[in-house]
Amino acid sequence: DEMRMLADDPGVVDHFPETLFVQNKHMKLEVNGTSGQIILISQPDGTDIKYNIKFYYYPACVGDNWIAERRSSGAYIFRPNGTNPTEVPTSYVKGASGPVVDELRSDNNDSVANTVRVYKDLNFIENDWVVGPIDISDDVGKEFIVRYITDIVNNGEFYTDSNGRQMLKRKLFQRPQWNVSLAEPVSGNYYPVVNKITIEDDKAKIAVLTDRSEGGSALTEGQVELMLHRRLLHDDAFGVGEALNETEYGKGMVVRGRHRIFLSKPDSKSSHIEEKKLVLQFDLQPQVFISDAKDLSLNDW
Amino acid sequence: MFVLNELKGAMGIMQHHDAITGTEKQHVTHDYVRLLDAAIEDAITIARQAFNKMIQGDALKPPILSYDRCRLNESSCHTSEQSQQFVVTVYNHLAWQVNEPIRIPVLDGNYAVYAPNGDLIVSQLVDIPEAVKRLPSRKSSATHEIVFIAHLHPLSYKNFYVTKKHKITKRNIDLSENKKRKNEFYNDINDYWKKMNEKSFIDLKAIEDNIGSFNNVYKDDVKVPEEPIFIKNGGDSGRDFKDFNIDVMKDSKSSYNPDTEQLEEIIKEARRLIEDAKHTSARGRAAVFPKLND
């Protein structure tokens, strides 16, 4: 609040540079003050990774389900109406800043809000996202995704944890055992992500850790995408018999979740071990219990 | 065991492919939620009993604490929102040490978090994002979250004592640059506050010691002047003076820069004010506290 008050005061506005930063000893995130876009991660060794977080939605396909080409997107089937998702505008401003955590916040007051956190001494970036209620006033079902945009040259290859069993290499429009011809260029390249999806090149590796099972891919070079929330208005005729249209108090359901982004060097064994531990730490988080201590003084405790 | 079996049973049902992928009908979804929530709530009984045994250490005494499960996924917790002091128990079920940020929903205010050894640890109050406050299902008055890093040993639990403080003046600390120095500075303040809390009033020695510690921090950093600058701008209204301020300025251009002689004069004046405060009322003594500004 004080920073905002200072920013409103024309006398001290020159204290605020055009570019914002949040940082700890492991990394520094840079945000363009004009566009509000995250643009860069600088690491202690002096290397930079271009980086951005953007939210999109795929409008859902609608059909009569008689043939595959006329299949609706539904609970079983992710079938977007086109290959280019619609971007949801987001712009970051500086949030809380203190001895434990620095935050960047984005909230378009509509369907997407995101908080980017960098904790002191912790070597990951945390995204606390809130998606929903998804607007269906235009009678179009929508499937929201987030994209982590980097300059990593992954050559269409990415890795997913294969339903929590092992990290498997995925390559766009390819299957390891047979020649494939995909009729669905987006959903045909989506894979289950239980805890982790990664891309890498010779210089850098980025791992996105999820707090729940999601669908994910790397459809565009250097970009990891994960599906966050869906609201659909038609059944896909695979058995459930109803549209995936969940509501709460008469509004579309709102979903809150977190991603942790871990940056490392692809050839670093210690980083590899650290990443594996971080995956489990995020999946099996400490249990927190809170109890009133009205009859227990600090000294007695 | 029968309570645990209820949770095992619910988890068994959740292995159905429709439950995993979300392809069940909506009324089935609601039923799954009902089953799982009831089972988890009942299973908490086991944790509650275990923690109470560990904490009270005497089976004959009634439980001191009653553990609640909070809906931290929507930044909501009835206990921490309503209580002036509460205990946070964190259990690490991994076989290695973890450093995990803990976020506890509270009302706006000033809070102190104590580690199991009684040390005041660094914490931060962060406002809850508006999008979370707008969640349609959320029924909570929490506006902020206390955030601190829990350093947890393998397969262990830790208790943290959180208390609401009525007055605190460590505001205006700009941590947007030079994080390392600022965090050291912040730790010093926390140590200082802890010392302060143990005394009925402040003596000048503590302030001078404190100045010395700041001095050391600043001397390590070549970006600031070797001699730190202190200014005193607190008001003196006789016996009931309200404030005694020490501002540590990092930029000599921005403020009053006393020389050694002036500094001695300030210390002398401060000593007189504090001596004066020793003889005043408890209320007056309570009003004596420093503002430490970076």
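A, B, ... follow the sequence lines: proteins, then strands. Residue 1 opens every chain.
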query = Does one side chain, of T160(A) or S162(A), offer a donor that lies under 3.5 Å from an acceptor on the other?
reply = no
inquiry  = Need one label for L122(A): side chain, backbone, both or neither, based on atoms under 4.5 Å from any heavy atom in chain B.
reply    = side chain
ask   = Given a strict heavy-atom distance threshold of 4.5 Å, which part of Y76(A) is in contact with chain B: side chain, backbone, both, or neither?
value = both
query = Considering only heavy atoms, which portion of V288(A) lies under 4.5 Å from any heavy atom of chain B: side chain, backbone, both, or neither?
reply = both
request  = Heavy-atom pairs under 4.5 Å with chain B are the metric here; pick the option from E248(A), K277(A), M253(A) that has the most.
outcome  = K277(A)
query = Does any heavy atom of chain B fall under 4.5 Å from the side chain of K25(A), the backbone, both, or neither of them?
reply = neither
ask   = Is the Y114(B) to F160(B) ring centre distance short of 6.0 Å?
value = no
key: Largest heavy-atom contact set with chain B, pairs under 4.5 Å, which of D128(A), L298(A), L280(A)   = L298(A)
message = For the interface with chain B, which of V22(A), D300(A), L284(A), V254(A) has the highest count of heavy-atom pairs at distances below 4.5 Å?
response = L284(A)
request  = Examine whether an atom of Y249(A) lies under 4.5 Å from a heavy atom of chain B, and if so say whether it belongs to the side chain, the backbone or both; otherwise answer neither.
outcome  = side chain
message = Centroid separation under 6.0 Å, is that true for the rings of F78(A) and Y190(A)?
response = yes
task = Using a strict cut-off of less than 4.0 Å between a Lys/Arg side-chain nitrogen and an Asp/Glu carboxylate oxygen, indicate whether E74(B) and R138(B) qualify as a salt bridge.
result = no
key: Proximity breakdown for L244(A) and chain B, heavy-atom pairs closer than 4.5 Å   = side chain
key: Selection from E103(A), E246(A), K251(A) maximising heavy-atom pairs under 4.5 Å formed with chain B   = E246(A)
remark   = Checked N245(A), V130(A), D107(A), L278(A) vs chain B; the most non-hydrogen pairs under 4.5 Å come from D107(A)
query = Among A75(A), S297(A), P286(A), who wins on heavy-atom pairs under 4.5 Å with chain B?
reply = P286(A)
ask   = Relative to chain A, which of L152(B), L94(B), N92(B) shows the most heavy atom pairs under 4.5 Å?
value = L94(B)
